[in-house]
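Report on one structure; see the data block that follows.
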Amino acid sequence: MRLIRRLDGEVLEGAIVETEAYYGLRDPASRAFHGMKNYNRLMWREPGRAFVYNVHRYWMFNIVAHEPGEVGAVLIRALEPAKGVEIMLRNRPVEDLRELTSGPGKLTTALDIDKGLHGADVTTDRSEIFVVADDLDFEVGTSHRIGVRRDLEEELRFFVKGNRFVSR
DNA sequence: AGGAAGATCTACT
DNA sequence: GTAGATCTTCCTA
């Protein structure tokens, strides 16, 4: 899918090329693992809302996603920049374009995503941030999740094979 | 009020 | 490959 961010009348856009899935209470790497807190309660709510939270000094952008009655979210880990690259570079100056949005903290910096977007409905273009379908053809690779202390056995990281903007 | 943890990133070697 | 920076949130007192 493509991720679209409206910012001061401008449009920033990129193709989502890397994601990770997080479950609920049975997933030790999930923010939901220790139970419902004020900051993570959205993971129990209906899919399609932005779930934004902080790690170190960066914001992580997730979309709530799970089966009915379940708990979970998908972390957006990397984008292939498509529109508004000039503005992204202003938000996050880098020499090599591959460094612009190839990581969860990098892309939130480039797209100026922070707590203010927490709870936004990403299924409608009336939001400041939303996704639209893309019908490109590509192969999906999988691996274990990156940077987590305790992972599950199943591979829950998904990326576009061969894409230059994948984080690693 | 203070400490610890964390789904990170950068700058070094 | 690894150390250190640095910010939000939660937990305990």
Side-chain angles (χ1 to χ4, degrees), chain A residues 1-3 5 7 12 14-67 70-81 85 87-120 122 128-131 140-161 163-168:
Chain A
M1 314 217 22
R2 304 202 310 276
L3 180 65
R5 166 84 167 113
L7 185 63
L12 311 185
I16 298 172
V17 296
E18 180 182 345
T19 62
E20 281 175 357
Y22 288 85
Y23 293 116
L25 296 163
R26 73 174 179 84
D27 181 354
S30 172
R31 293 283 113 163
F33 184 63
H34 296 289
M36 191 187 289
K37 305 280 188 292
N38 219 26
Y39 81 102
N40 68 7
R41 59 193 316 119
L42 236 40
M43 292 182 78
W44 278 258
R45 295 268 312 277
E46 78 279 6
R49 291 192 181 272
F51 167 39
V52 181
Y53 86 96
N54 177 278
V55 175
H56 293 91
R57 67 179 173 291
Y58 299 94
W59 294 103
M60 301 291 107
F61 177 71
N62 303 250
I63 296 173
V64 177
H66 53 76
E67 298 292 328
E70 299 288 319
V71 180
V74 169
L75 170 68
I76 308 303
R77 286 193 56 91
L79 302 175
E80 175 172 340
V85 176
I87 298 162
M88 292 190 208
L89 281 169
R90 204 183 307 151
N91 295 333
R92 178 178 157 76
V94 290
E95 303 216 340
D96 186 345
L97 267 197
R98 281 175 302 186
E99 285 298 312
L100 187 54
T101 53
S102 56
K106 297 176 186 177
L107 72 89
T108 53
T109 305
L111 299 205
D112 195 21
I113 293 169
D114 65 16
K115 197 88 207 284
L117 294 173
H118 186 65
V122 304
E128 299 288 292
I129 190 152
F130 57 96
V131 292
V140 176
T142 66
S143 80
H144 286 285
R145 294 174 294 189
I146 292 175
V148 300
R149 274 167 79 89
R150 299 169 60 200
D151 206 351
L152 293 171
E153 283 202 18
E154 41 184 324
E155 298 191 324
L156 290 171
R157 173 172 173 254
F158 307 91
F159 56 92
V160 174
K161 269 194 189 173
N163 188 285
R164 303 190 313 134
F165 297 92
V166 168
S167 66
R168 65 173 74 164

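Just so it is clear, the values below take in all heavy atoms, side chains as well, and ignore hydrogens, waters and symmetry mates. Each chain gets a letter, A, B and so on, in the order its sequence line appears, and its residues count up from 1.
- Residues V166(A) and R157(A) are in side-chain contact: their nearest non-hydrogen atoms beyond the backbone lie under 4.5 Å apart.
- A 4.5 Å side-chain heavy-atom check between L111(A) and F61(A) finds every atom pair outside the cut-off.
- As rounded to whole Å, 10 Å separates atom C1' of dC11(C) from atom NZ of K37(A).
- Counting to the nearest Å, the P atom of dC10(C) and the CZ atom of F33(A) are 17 Å from each other.
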Pairs under 3.5 Å (Watson-Crick or G-U), crossing ones as [ ], inter-strand ones as |: DNA chain B comes out as ||||||.|||||.
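- Comparing dT10(B), dC11(C), dT9(C) against the side chain of Y39(A) picks out dT9(C) as the nearest.
- Here dC10(C) presents its C1' atom at 16 Å from CE of M36(A), a figure rounded to the nearest Å.
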Could I get a table of every N or O pair under 3.5 Å where one atom is in the protein and the other is in nucleotides 4-8 of chain C?
residue : atom : partner : partner atom : Å
dA5(C)  : N3   : R57(A)  : NH1          : 3.1
dC7(C)  : O4'  : H56(A)  : O            : 3.3
dC7(C)  : O2   : N54(A)  : OD1          : 3.1
dC7(C)  : O2   : H56(A)  : O            : 2.5
dT8(C)  : O4'  : N54(A)  : OD1          : 3.4

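- Listed nucleotides dT10(B), dC10(C), dG6(B) differ in distance to E99(A); the shortest reach to its side chain belongs to dT10(B).
- A cation-pi arrangement, defined by a distance under 6.0 Å to the six-membered ring centre and an angle within 45 degrees of its axis, is absent between R45(A) and F51(A).
- I113(A) places its CD1 atom 16 Å from the P atom of dT8(B), with the value rounded to the nearest Å.
- Heavy atoms of N62(A) sit under 4.0 angstrom from at least one base atom.
- Taking all atoms of both residues into account, the shortest heavy-atom contact from K37(A) to N40(A) is N-OD1, 2.5 Å.
- In this structure, CZ of R168(A) is placed 9 Å from P of dC9(B), rounded to the nearest angstrom.
- Rounded to an integer number of Å, the gap from L100(A) CG to dT8(B) C1' is 16 Å.
- For K106(A), the side-chain atoms get nearest to dC9(B) when compared with the rest of dG6(B), dC9(B), dC10(C).
- Across all their heavy atoms, Y23(A) and A32(A) have their closest contact at O-CB, 4.2 Å.
- Closest heavy-atom contact between L79(A) and F165(A): O-CB, 3.3 Å.
- For the pair D96(A) CG and dC9(B) C1', the interatomic distance rounds to 15 Å; values are reported in whole Å.
- Between the NE2 atom of H34(A) and the P atom of dG6(B) there is a distance of 7 Å, rounded to whole Å.
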